[in-house]
Amino acid sequence: MKRVLKIVVALLLLLILPLGAYAISLRVQYAGDPSARTRNQDAIWLGHAWVDGRKTAADVTALAQRLQGTGIRDLYVHTGPLEHDGSLPLAKVSPKARWFVEAVHAAAPAVRVQAWLGDVVQPGKDPGMNLDDSAVRQRVVASASTVLQQGFQGIHYDFEPVRSGSKGYLAVLDETRALGTTLSVAAAQIDPLWYLHAIPVDKWWSQDYFRQVAERVNQVAVMSYDTAQPLESLYGGYVAKQTKLALEVTPPATDLLMGLPAYWENNPSHWGNAETVSAAVRGARLGLGDSPRQNFGLALYVDFAATDEHWAAYRDGWCVAP
């Protein structure tokens, strides 16, 4: 029994000590006095209600007023979802797409409107889209082309979960670039421990794969939430680390944005008391440090869940000069 007890204690130490060291490192990342403020390159993800007929002109006016005094210049409005074969019945799922684009251009002419398209993808999700299939990718690009004819100024892809190293994903980015429009993506988090991306859970990308994606697009928005961090300080430190890792490999010409969790959930992957907008803003500011990079921003996810408190945390922490 003593020998068994020693083995159990040793195994526990092997687990607890690395986790403890990792937690301390995140807390250290969250220390300091950030000075960075908005570069007016921010964004927000908008739900499907804006293009399916549920929203009115009064809603667009209110949205434009909400954006005043912020750094938001890009709207990613959910215009899909794409079918698993890459097609998009646009007239059926987004009948008010053109109306919305024109209404925003009238109410907030400085804001760019991008069509948010995506689907669940194989092998992580089955059934799901197979981006390794060239015929599927051709239909995805054709769907993007159709959407652009509604007046959108860019395509924002959100395919999940994309496995680190996926060649099909890189191929669809290359093929979409031929359309000659602004291309942005919602990106997975970067492996913070150098080996997690090898685990087939499709949660993290290697830093090198993140670089390969960032080289192919105009904007990359990191989905820096659902991190399983149990404390606000650890979550903020995690965002700071993600910001630094992304800055190291994002090309100078590519816009880098860090996602803000403007919603409430409480589950093993997202602790509502920890993953706050204020912690994410502070973490991103600390990660940015004194970098002179101007094409850096924050992206709020998502408009229909964002409360006044979320907006205040974004404005006060990032947009308002001290």
Side-chain angles (χ1 to χ4, degrees), residues 43-64 74-108 111-122 124-131 133-162 168-169 171-173 175-187 217 219 221 223 259 262-263 299-306:
I44 184 171
W45 282 277
L46 301 179
H48 200 76
W50 293 98
V51 294
D52 68 4
R54 284 177 283 172
K55 295 291 187 178
T56 67
D59 293 316
V60 174
T61 299
L63 174 63
D74 278 295
L75 308 181
Y76 306 139
V77 58
H78 191 266
T79 316
L82 297 169
E83 300 291 331
H84 291 339
D85 68 357
S87 61
L88 175 64
L90 183 63
K92 178 181 179 181
V93 301
S94 301
K96 302 287 284 185
R98 181 180 294 279
W99 168 84
F100 175 70
V101 175
E102 292 177 350
V104 170
H105 286 166
V111 175
R112 182 168 55 184
V113 187
Q114 300 190 47
W116 168 11
L117 302 175
D119 190 19
V120 294
V121 296
Q122 300 179 19
K125 297 293 183 179
D126 192 9
M129 182 180 290
N130 181 9
L131 290 175
D133 186 331
S134 62
V136 170
R137 296 198 305 270
Q138 288 175 5
R139 283 189 287 270
V140 169
V141 176
S143 297
S145 178
T146 299
V147 164
L148 290 173
Q149 294 171 23
Q150 304 301 305
F152 288 98
Q153 298 158 288
I155 297 296
H156 178 78
Y157 282 147
D158 180 14
F159 294 110
E160 298 182 48
V162 173
Y169 183 62
V172 79
L173 298 181
E175 291 158 9
T176 304
R177 288 175 64 188
L179 297 177
T181 190
T182 297
L183 178 59
S184 62
V185 295
V217 299
Q219 287 183 326
M223 295 181 285
Y263 60 96
L300 283 157
Y301 182 87
V302 58
D303 77 297
F304 55 80

Identify, with sequence neighbours excluded, every residue that meets side chain to side chain donor-acceptor pair (under 3.5 Å) alongside His156.
-> Trp45, Ser184
So, do Val113 and Val77 sit near enough that their side-chain heavy atoms are less than 4.5 Å apart?
-> yes
Rounded to the nearest 0.5 Å, what's the gap from CG on Leu131 to OH on Tyr157? Could you check?
-> 9.5 Å
Side chain of His78, backbone of Trp116: donor and acceptor closer than 3.5 Å?
-> no
With no hydrogens and no angle check, is any side-chain donor or acceptor of Asp303 less than 3.5 Å from a backbone partner on Gly47?
-> yes
Measuring from Leu46:CG to Gln114:CD, what's the distance to the nearest 0.5 Å?
-> 11.0 Å
Decide whether Asp59 and Trp50 meet the rule of one side-chain donor and one side-chain acceptor closer than 3.5 Å.
-> no
Heavy-atom closest pair (Pro161 atom, Gly124 atom, distance to 0.1 Å) is CG-CA, 4.0 Å
Between CG on residue Leu63 and CD1 on residue Ile44, distance to nearest 0.5 Å = 7.0 Å
Looking only at side chains, do Tyr76 and Gln219 share a donor and an acceptor under 3.5 Å apart?
-> yes
Which pair of non-hydrogen atoms, one from His105 and one from Val111, has the smallest distance, and what is that distance?
-> CD2-O, 4.2 Å
Look up atom CZ in Arg137 and atom OH in Tyr169, then write down how far apart they are to the nearest 0.5 Å.
-> 13.5 Å
Does the side chain of Phe159 reach to within under 4.5 Å of the side chain of Met129, using non-hydrogen atoms?
-> yes
Should Leu179 and Leu148 count as side-chain neighbours, where that means a heavy-atom distance under 4.5 Å?
-> yes
Which pair of non-hydrogen atoms, one from Val147 and one from Ala115, has the smallest distance, and what is that distance?
-> CG1-CB, 3.1 Å
Atom OH of Tyr263: over 12 foreign heavy atoms under 6.0 Å | yes
Passing option when Phe152 is tested against Thr182, Thr181, Leu117, Thr79 for side-chain contact (heavy atoms from CB on, under 4.5 Å) | Thr79
Got a second to check how far Arg54's CZ is from Lys96's NZ, nearest 0.5 Å?
-> 13.5 Å
Asp85: side chain to side chain donor-acceptor pair (under 3.5 Å) partners, not counting sequence neighbours | Ser87
Answer yes or no: is there a side-chain heavy-atom contact under 4.5 Å between Leu90 and Gln150?
-> yes
Check: Arg139 main-chain N/O paired with Ser143 side-chain donor or acceptor under 3.5 Å = yes
Starting at CG of Leu183, measure out to CD1 of Ile155 and round the result to the nearest 0.5 Å.
-> 8.0 Å
Atom of Gly151, atom of Val101 and distance for their closest heavy-atom approach = O-CG1, 3.4 Å
Only one of Val93, Val136, Val120, Leu88 forms a side-chain contact (heavy atoms from CB on, under 4.5 Å) with Leu82, so which one is it?
-> Leu88
